[in-house]
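All ligand and atom numbering here is 1-based and tracks the order in the structure. Residue indices begin at 1 and follow the sequence shown.
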Amino acid sequence: MYGIDVMTEHQVTRLDLDGNRLEVIDLKRSKSSHLSFDKLIIGTGARSRRIELPGSNGKNVFTLKNVQDGYDLKAFIDEKKPRRAVILGAGYISLEMCEAFVGRGLETWILYRRSLPAGNLDSEISERILKEVQDKGVRFVSNCNVASFSTNESGEVMAVESDRGLYRTDLVLMAMGVIPNTELARQAGVSLGKTGAIQVDSGQRTNVRHVFSAGDCCESLHLVSGQPVHAPLGDIANKQGRVAGENAAGGDATFHGIVGSLAFSVFDLEVASTGLSSRAAKAAGFDVESQVIEHDSKVGYMPGAKPITVKMVFDRKSGRLLGGQMVGEEGVARRINALAVALHQRMTVDEIARLDFAYAPPFSPTFDPILIAAEQASKKIG
Ligand SMILES: Cc1cc2nc3c(=O)[nH]c(=O)nc-3n(C[C@H](O)[C@H](O)[C@H](O)COP(=O)(O)OP(=O)(O)OC[C@H]3O[C@@H](n4cnc5c(N)ncnc54)[C@H](O)[C@@H]3O)c2cc1C
């Protein structure tokens with residue numbers, strides 16, 4: 001549509017940044033060739049983190065990173081009709097997938113190295129998630145480290161052995177986060193940051209003059225901590241891609257940074273977060289205070305009103321909002337965006353408490369849960 005040549009099934013195997021050319025293999029024809037460029041944008045994304053142990057490449061061991069992975073997993077379930085699934089990891093992909101497995105009638109186990117699911121969130125939110133998955137029949141094994149995989153003659157994993165015991169299974173899903181694909185860039189002399197992802201400036205420029213990067217393979221500036229972070233999310237990748245593209249074409253676009261907003265659902269719960277958790281805020285050097293409240297999503301007499309837990313993390317002295325997290329059965333995912341705006345504007349909880357939010361019984365209580373949390377939080381400043 002836009003006159004762009006797209007070469008699918010071609011893998012770049014080497015970057016020659018002095019000679020301005022790429023080495024490419026045509027995977028269908030197993031043929032190698034070179035492509036030249038004036039400007040290069042590296043958007044190699046990320047790959048699923050895996051546990052590399054004997055058996056971990058078995059036919060019933062999956063990751064979920066792209067659409068083909070999803071098709072493969074679905075085909076396996078359709079054909080082999082597994083009864084049990086073990087998921088390694090408990091981030092949002094694990095939690096979304098445990099719902100899918102339960103929906104397909106599988107007895108589902110999550111083995112996780114920390115004590116609560118969604119380990120990047122604070123415990124007040126993660127405890128609610130844990131209750132939800134357990135109420136829906138998922139077995140959650142905390143503080144669990146995988147030691148080995150027991151396999152059959154065909155190399156399929158029959159059980160996962162761990163320091164918490166042995167878990168029989170018909171299928172394993174590794175959902176333990178992602179690693180940025182930076183090997184080609186690094187070998188060619190492109191600098192990586194402390195996070196292990198490609199270092200970029202606000203114009204998505206790398207340290208090499210005519211080379212840009214965007215998406216899951218590069219870092220983003222976190223506007224609350226002021227630190228570069230690796231935040232592998234689709235909206236960020238898209239925004240960075242536009243900036244990199246415009247600048248590679250001679251423009252002067254800026255990617256201003258992120259506050260780390262995300263939302264996901266797990267069974268009947270909506271979960272959303274923006275900014276820093278208490279733990280991340282402390283690690284970033286803030287003097288952290290927080291406030292947790294529970295309030296209805298809309299006026300209590302309205303059908304469908306559900307309690308929402310709101311946690312606000314803020315700087316003890318200034319009251320500056322540092323982060324917000326919410327969990328509840330409705331009205332969570334979109335509500336978090338108000339706190340994302342507040343973070344971008346460096347607002348204090350006091351200022352948030354004074355905001356004029358829309359009120360009507362089908363949508364919100366007279367005082368929105370965010371306003372109540374901010375009001376309570378503002379009493380702790382000082
Ligand atoms: C199950 C799942 C659910 C998700 N849900 C959400 C969500 O709800 N919200 C959200 O914001 N984000 C979500 N994400 C994250 C989002 O998908 C990623 O952030 C986004 O796809 C990153 O885009 P990207 O272009 O940087 O990388 P990718 O989409 O990974 O694309 C990189 C591409 O580069 C190719 N490539 C790599 N190396 C080479 C090479 N040497 N030669 C040629 N090609 C190469 C790869 O094959 C790939 O096609 C989800 C991710 C997963 C896996």
Side-chain angles (χ1 to χ4, degrees), residues 4-17 21-28 31-35 37 40-50 62-74 87 89-101 118 120 173-188 190 195-198 200 204 206 211-220 229-245 255 258-266 270-274 332-334 336-337 340:
I4 296 166
D5 289 333
V6 181
M7 298 163 70
T8 57
E9 315 254 359
H10 282 68
Q11 185 170 351
V12 178
T13 47
R14 211 173 78 82
L15 305 180
D16 171 5
L17 301 184
R21 50 180 215 160
L22 312 172
E23 189 180 84
V24 193
I25 295 183
D26 178 339
L27 296 173
K28 271 195 190 144
K31 234 180 91 192
S32 176
S33 61
H34 288 94
L35 264 184
F37 59 84
L40 178 71
I41 301 174
I42 303 176
T44 42
R47 61 181 176 276
S48 301
R49 193 183 296 279
R50 297 181 62 95
F62 295 87
T63 53
L64 184 65
K65 182 63 186 78
N66 54 44
V67 177
Q68 189 58 48
D69 292 342
Y71 288 145
D72 292 346
L73 183 51
K74 185 171 178 298
I87 305 178
Y92 74 92
I93 291 175
S94 160
L95 294 166
E96 289 176 347
M97 285 307 294
C98 80
E99 179 181 347
F101 286 155
N120 290 337
L173 175 70
M174 295 191 188
M176 303 171 303
V178 295
I179 302 169
N181 292 323
T182 55
E183 290 72 11
L184 284 176
R186 189 176 48 78
Q187 282 159 16
V190 174
T195 66
I198 295 171
V200 286
Q204 300 303 129
T206 70
V211 179
F212 301 76
S213 182
D216 282 9
C217 61
C218 75
E219 295 184 327
S220 308
V229 291
H230 181 228
L233 288 167
D235 58 325
I236 298 171
N238 271 274
K239 289 171 194 157
Q240 290 180 335
R242 280 164 191 253
V243 170
F255 181 64
I258 64 162
V259 294
S261 308
L262 60 89
F264 61 93
S265 81
V266 50
E270 294 179 15
V271 185
S273 163
T274 188
V332 165
R334 290 180 197 281
I336 201 74
N337 290 335

task = Using protein heavy atoms only, decide if any is under 4.0 Å from atom 25 (O) of ligand 1.
result = no
ask   = For the atom pair CG (N181) and CZ (R47), what is the distance rounded to the nearest 0.5 Å?
value = 5.0 Å
ask   = Are any non-hydrogen protein atoms located under 4.0 Å from atom 30 (O) of ligand 1?
value = yes
message = Is it the case that atom CZ in R242 sees more than 12 heavy atoms from other parts of the structure closer than 6.0 Å?
response = no
ask   = Can you tell me which residue and heavy atom of the protein come closest to atom 34 (O) of ligand 1, and the distance to 0.1 Å?
value = G43 O, 3.6 Å
query = Is ligand 1 under 4.0 Å from a heavy atom in the side chain of H10, in the backbone, in both, or in neither?
reply = backbone
message = Less than 3.5 Å apart, any donor N or O on the side chain of E23 or T13 sitting next to an acceptor on the other?
response = yes
query = Ignoring hydrogens and geometry, is there a side-chain-to-backbone donor-acceptor pair from D69 to N66 under 3.5 Å?
reply = yes
key: Rounded distance [0.5 Å steps], CG in L15 versus CG in L184   = 5.0 Å
ask   = What is the closest protein heavy atom to atom 52 (C) of ligand 1, and at what distance does it sit?
value = I93 CD1, 3.4 Å
inquiry  = Taking 4.0 angstrom as the limit and counting only heavy atoms of G215, give me the atoms of ligand 1 inside it, by number and element.
reply    = 26 (O)
ask   = Which atoms from ligand 1 have a heavy atom of D235 less than 4.0 Å away?
value = 11 (O)
remark   = Within 4.0 Å of some non-hydrogen atom of K65, the atoms of ligand 1 are 30 (O), 53 (C)
ask   = How many angstroms lie between CG in D26 and OG in S33, if you round to the nearest 0.5 Å?
value = 7.5 Å
remark   = protein heavy-atom neighbour closest to atom 6 (C) of ligand 1 works out as Y92 OH, 3.6 Å
request  = Give the residue, atom name and distance (to 0.1 Å) of the protein heavy atom nearest atom 23 (O) of ligand 1.
outcome  = A237 CB, 3.6 Å
message = Please report whether ligand 1 has a polar contact with E96, defined as an N or O pair separated by less than 3.5 Å (distance criterion only).
response = no
inquiry  = Checking a contact table here: which protein heavy atom is nearest atom 41 (N) of ligand 1, and how many Å away?
reply    = V12 O, 3.0 Å
inquiry  = Among all the protein's heavy atoms, is there at least one whose distance to atom 21 (O) of ligand 1 comes out below 4.0 Å?
reply    = no
ask   = How long is the span from the OG1 atom in T182 to the CD1 atom in I42, to the nearest 0.5 Å?
value = 9.5 Å
remark   = S261 and L233 have their tightest heavy-atom pair at O-CD1, 3.9 Å
Atom 48 (C) of ligand 1: nearest protein contact (heavy atom, Å) = T44 O, 4.9 Å
inquiry  = Heavy-atom distances under 4.0 Å decide this one: backbone, side chain, both or neither, for P232 against ligand 1?
reply    = backbone
key: Proximity to ligand 1 by part of L184, non-hydrogen separation under 4.0 Å   = side chain
ask   = Identify the closest protein heavy atom to atom 9 (N) of ligand 1: which residue and atom is it, and at what distance?
value = L233 CD2, 4.5 Å
Closest approach of any protein heavy atom to atom 53 (C) of ligand 1, naming residue and atom = L64 O, 3.3 Å
query = Got R50 and T63 here, is their nearest side-chain heavy-atom distance under 4.5 Å?
reply = yes
note = Residues at least two apart in sequence or cross-chain that pass side-chain contact (heavy atoms from CB on, under 4.5 Å) with V6, listed by chain then number, are I4, T8
ask   = For atom 17 (O) of ligand 1, is the nearest protein heavy atom closer than 4.0 Å?
value = no
ask   = Counting each atom of ligand 1 from 1 as listed, which ones have a heavy atom of Q11 under 4.0 Å away?
value = 41 (N), 42 (N), 43 (C)
Q240 versus S220, side-chain donor and acceptor atoms under 3.5 Å = yes
query = How about atom 13 (C) of ligand 1: does it have a protein heavy atom within less than 4.0 Å?
reply = yes
task = Assess whether side-chain hydrogen bond (donor to acceptor under 3.5 Å, both in side chains) is satisfied between T195 and E219, documenting all intermediate values.
result = CA-CA 7 Å; T195 66; E219 295 184 327; 2.7 Å; yes
note = d(S94 OG, I87 CD1) to nearest 0.5 Å is 4.5 Å
message = Please report whether ligand 1 has a polar contact with G234, defined as an N or O pair separated by less than 3.5 Å (distance criterion only).
response = yes
